[in-house]
Amino acid sequence: MITAWTRAAVALSLVAAFAVVGTPASASSPPACVAPVPSTTQTGYTVADPNCDVSGTPFVALAGARVYTGISAGAAYRIEVPAQWNGRLVVYAHGYRGTGTTVYVESPGLRAHYIESGYAWAASSYATNGYDVGQGVRDSYAMIGLFRQATGHPARSVIMTGASMGGHVTAVAIETYPRAFAGAMPYCGVLGDAKLFDYFLDANVTAAALTRTSINFPLTPPPDYQDQWRAKVAAMLPALGVNVGRPPTLTPAGQTWSDVVERRTGGSRPGFDSAFAYWNTATSLAPLSDMPFLFGLYPGLSGGTANIAPGNVTDNRGTFYRSTDRIWPTADEWRLNASVLRVRHTAVADRGLAGIPRVDGNPRIPVLSLHDIGDLFVPFSMEQVYALRAAAHGRPFVSRAIRGVGHCDFTQEELVSGFDDLTAWVYTGHRPAGDAILNPKAVASPAFGCRFTRGTHAYFVAPACP
């Protein structure tokens, strides 16, 4: 990534060409890619050239559009305005970028559709990486002012959208600045704030209990805790029938674990077996890429802080783990709950923009979301958490279930349909259709997710839609 930038001869004086508010870039003569420059706000950070993608490919305007790029307050940004602009703006929030110290901006997946439909769009790199939702909110909101400054024209209305962690950014932004936005489309989003990390806890402590592996949850992990955890995981895997980098061959304990995870991620639903196999074949994020995916997300590795909260935000003291849908728990379920490690939180989702910001589910505007029902990184249950909170506030929310197993695995048709239906809702008042995600019978139906799924999603295996 850096190699492409460093090949270009550059001096820090060139930063002025795109600092604070950049000049329009021409599609016929794209600017040369330049090396990342030191951040003016974050010690040790660098900011990548917004005129280039991380591959080194220059960022140029689509036909008939005009782009503006720049760096402001330590964050790179991009803006694109169609020739026949309808006066409306989409602000796009990107997802989790790991913990590296170079920030970079990317274009939204619906970029071409926005421009073709007359919408301008704007996106920020954020000034930090990591799970810093608060910074994402501040920098995304700042794009509204930067858009006016760069183009000389204010937007008549603004749609907020974002993927994954960017969905969390979106949900918090529309509650923090309720008058700034007309509508919102989070997708594959962390709409349940700290509930995401509760799920990571659930998956790991139940795996340990079912395999009779003794684990702990250190609030201040020692330096060698990753190695300690590797040894614990190595003991669990054979008892579960889960392999590193290979499809699982589940033991009875492993099948029970799968059943528990299914219920903790949204309930019985089509295609879950294929989703469970997919995510247990995938290896986890670095530096824990030597273990199956979910095990590398154990919150105990960071003391439950996600490396940003002031204390442990996870808690399972009131959670009763189910592996069946029977009315009364089975004897095996009682035994599991008696043996599982219980963890108490020492911090909670933040009411402001610090730590892990809370999502109240109290939007004052239309919100339409999409989520893969087989996503086990940011699970489908995030939609249900948000739906319950929004219903408690009497707020509008439409959720669409997509029959995929990946994270943010959507076709263009699915995203376009969602965006067009959201904007029609915003500007006409006609609420679009969604799925009954809080109805267990609807979720368990073999046809669940069929209504809004368009195209084929790799690795999702379930009976064909009627």
Side-chain angles (χ1 to χ4, degrees), residues 86-93 108 110 114 119-124 133-148 154-195 348-371 382-400 415 418-438:
N86 61 15
R88 297 164 181 166
L89 171 67
V90 179
V91 173
Y92 169 73
L110 283 182
Y114 297 152
Y119 286 81
W121 64 267
S124 170
V133 170
Q135 190 64 48
V137 170
R138 286 186 287 268
D139 290 332
S140 295
Y141 175 69
M143 290 310 307
I144 299 173
L146 285 171
F147 178 85
R148 179 172 184 169
R156 288 195 290 120
S157 64
V158 182
I159 300 293
M160 186 72 208
T161 186
S164 192
M165 187 187 87
H168 194 167
V169 170
T170 297
V172 174
I174 63 176
E175 294 180 357
T176 304
Y177 307 104
R179 296 183 179 181
F181 302 101
M185 189 174 116
Y187 47 103
C188 50
V190 186
L191 301 184
D193 51 63
K195 293 294 185 183
V348 296
D350 193 83
R351 290 288 182 179
L353 298 181
I356 297 172
R358 176 174 170 79
V359 176
D360 289 323
N362 189 21
R364 313 295 176 85
I365 57 175
V367 178
L368 185 149
S369 179
L370 296 86
H371 217 109
M382 293 292 98
E383 299 284 305
Q384 296 166 324
V385 171
Y386 190 82
L388 285 169
R389 293 177 181 178
H393 288 100
R395 296 301 182 185
F397 176 57
V398 169
S399 179
R400 292 181 172 180
L415 291 173
F419 179 78
D420 288 350
D421 288 350
L422 168 69
T423 52
W425 183 12
V426 169
Y427 302 117
T428 69
H430 297 301
R431 179 172 178 159
D435 285 301
I437 65 171
L438 295 179

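All values below were derived from every heavy atom in this structure, side-chain atoms included, with hydrogens, water molecules and symmetry-related copies excluded. As the structure is a prediction and not an experimental result, all values here were calculated from the model.
Partners of Tyr114 under the ring-ring contact (aromatic ring centres under 6.0 Å, His included) rule, at least two apart in sequence or in another chain, are Phe419. In this structure Arg358 satisfies the salt bridge (charged side-chain N to carboxylate O under 4.0 Å, His left out) test together with Asp360, sequence neighbours excluded. The salt bridge (charged side-chain N to carboxylate O under 4.0 Å, His left out) search around Asp193 returns Arg389, not counting sequence neighbours. The ring-ring contact (aromatic ring centres under 6.0 Å, His included) test applied to His168 returns Tyr131, not counting sequence neighbours. Legend: residues meeting salt bridge (charged side-chain N to carboxylate O under 4.0 Å, His left out) with Arg395, ordered by chain and number and at least two apart, are absent. Residues forming a ring-ring contact (aromatic ring centres under 6.0 Å, His included) with Tyr177 (at least two apart in sequence, or on another chain): Tyr141.
When the shell of 6.0 Å around CZ of Arg148 is examined, it contains 12 or fewer heavy atoms from other residues, nucleotides or ligands.
No donor-acceptor pair under 3.5 Å is formed between the side chain of Arg364 and the backbone N or O of Phe181.
Atoms CG and CG, from Leu368 and Asp421 in turn, are 7.0 Å apart once rounded to the nearest 0.5 Å. A distance of 12.0 Å separates OH of Tyr119 from CG of Leu110, quoted to the nearest 0.5 Å. With rounding to the nearest 0.5 angstrom, the OG atom of Ser369 is 10.5 Å from the CG atom of Leu422. Note that the CD atom of Gln135 and the OG atom of Ser140 stand 9.5 Å from one another [nearest 0.5 Å]. Note that OG of Ser124 is 11.5 Å distant from CZ of Arg138, once rounded to the nearest 0.5 Å. Between Ile159 atom CD1 and Ile365 atom CD1 the span is 7.0 Å, to the nearest 0.5 Å.
Considering all non-hydrogen atoms of both residues, Ala93 and Val169 come closest at CB-CG1, 3.8 Å. Gly167 and Leu191 get closest at one heavy-atom pair: O-CD2, 3.7 Å. Ile174 approaches Pro363 most closely through the heavy-atom pair CD1-CB, 3.9 Å. Contact record, Met382 with Gly189: CB-O, 3.6 Å, taken as the closest heavy-atom pair. Contact detail for Pro432 and Val398: the closest heavy-atom pair is O-CG2, 3.6 Å. Contact detail for Asp350 and Gly352: the closest heavy-atom pair is OD2-N, 2.6 Å.
Ile437 places none of its side-chain heavy atoms less than 4.5 Å from the side chain of His371. Pro357 has its side chain out of reach of Glu175: every pair of non-hydrogen atoms, C-beta onward, lies at least 4.5 Å apart.
When each of Ile144, Val90, Val91, Val137 is checked for a side-chain contact (heavy atoms from CB on, under 4.5 Å) with Met160, only Val91 meets the rule. When each of Val367, Thr161, Leu370 is tested with Pro186 by the rule side-chain contact (heavy atoms from CB on, under 4.5 Å), just one qualifies, namely Val367.
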Checklist entry - Could you go step by step and tell me if Leu415 and Met185 meet the side-chain contact (heavy atoms from CB on, under 4.5 Å) rule? => result CA-CA 9 Å; Leu415 291 173; Met185 189 174 116; 4.1 Å; yes
Item to check | Verdict with supporting geometry, Phe397 and Glu383, side-chain contact (heavy atoms from CB on, under 4.5 Å) | outcome: CA-CA 10 Å; Phe397 176 57; Glu383 299 284 305; 3.6 Å; yes
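Side-chain contact check for Ser399 and Tyr386: no donor-acceptor pair (N or O, by modelled atom type) lies under 3.5 Å.
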